[in-house]
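Accompanying notes for the structure given below.
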Amino acid sequence: MDINIRDAEIEDSSLILTWRNHQSSRIFSKNSLPITEAEHDKWYKKRLETKHYEPFWIFTRDSKSIGYVRLENSKKFLNSLEISISIDPKFQEKGFGQKILDLSLLRVLRIFPTKKIVATINVKNLASVSIFQKASFQRIGQDNEF
């Protein structure tokens, strides 16, 4: 499975909004309501400004975008990055999530060797729980459904 990584760019904005607003993503999100284009554009432009110290990557296969990973400084844990993954609904349940997570962790550890990686996952999102467990993440607590 040959997957490439590149930085997110402004041209990816509408695709990322489409993935985020898809029912399969919203069902497990803290905010399950659709995001408007105006809200997304404002957030996305601001988010791209931080991609050099809070990575935001697009993953492609055969020139098709299949998912993204965002890393942001954790608000709960010192010296930690919180990872978020989204897979294009057309590519879900095909093993891409695990591969993207593994590639991301290798890359993050090279760039930020002293940082810890944390994830907040909806407990009902069994696919995500599974890939993070396979990547040796350990559950450290639960806050409501996350």
Residues which pass side chain to side chain contact (heavy atoms under 4.5 Å, CB included) with [X], listed by chain and number, not counting sequence neighbours:
| X | result |
| --- | --- |
| F28 | N122, K124, N125 |
| Q138 | none |
| D102 | Q98, A135 |

Query raised in the report: Are K45 and I10 close enough, and set up right, to give a side-chain contact (heavy atoms from CB on, under 4.5 Å), and what steps lead you there?
Result: CA-CA 7 Å; K45 287 174 185 168; I10 195 68; 3.9 Å; yes
Query raised in the report: So, does N21 use its side chain to make a donor-acceptor pair with the main chain of P34 at under 3.5 Å?
Result: no
Report task. Start with the C-alpha distance between F137 and L105, add both sets of side-chain angles, then the distance that settles side-chain contact (heavy atoms from CB on, under 4.5 Å), and finish with yes or no. Result -> CA-CA 11 Å; F137 277 67; L105 294 174; 3.7 Å; yes
Query raised in the report: Which ILVMFWY residues can you reach from I140 by hopping between side chains whose heavy atoms are under 4.5 Å apart?
Result: F77, V118
Query raised in the report: Can you find a heavy atom in the side chain of Q23 that is under 4.5 Å from one in the side chain of P89?
Result: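 The answer is no; the side chains never approach within 4.5 Å.
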**Report entry** Straight-line distance of S128 OG to I87 CD1, nearest 0.5 Å
**Finding:**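 The OG atom of S128 sits 8.5 Å away from the CD1 atom of I87.
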Donor-acceptor pairs under 3.5 angstrom involving side-chain atoms of residues 79-86: please list them, not counting sequence neighbours.
{"unit_1": "N79", "atom_1": "ND2", "unit_2": "T114", "atom_2": "O", "d": "2.6"}
{"unit_1": "S80", "atom_1": "OG", "unit_2": "L78", "atom_2": "O", "d": "3.0"}
{"unit_1": "E82", "atom_1": "OE2", "unit_2": "T120", "atom_2": "OG1", "d": "2.6"}

Report summary line: Residue set satisfying salt bridge (Lys or Arg N to Asp or Glu O under 4.0 Å) with R6, at least two apart, ordered chain then number -> D12
Report task. Answer yes or no: are there more than 12 heavy-atom neighbours, outside E37 itself, under 6.0 Å from its atom CD? Result -> no
Query - Mutual orientation of the aromatic rings belonging to W57 and F59 [parallel < 30°, tilted 30-60°, perpendicular > 60°] - result: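 The arrangement is perpendicular - the two ring planes meet at more than 60°.
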Query raised in the report: Can you hop from I3 to F56 via hydrophobic side chains spaced under 4.5 Å?
Result: no
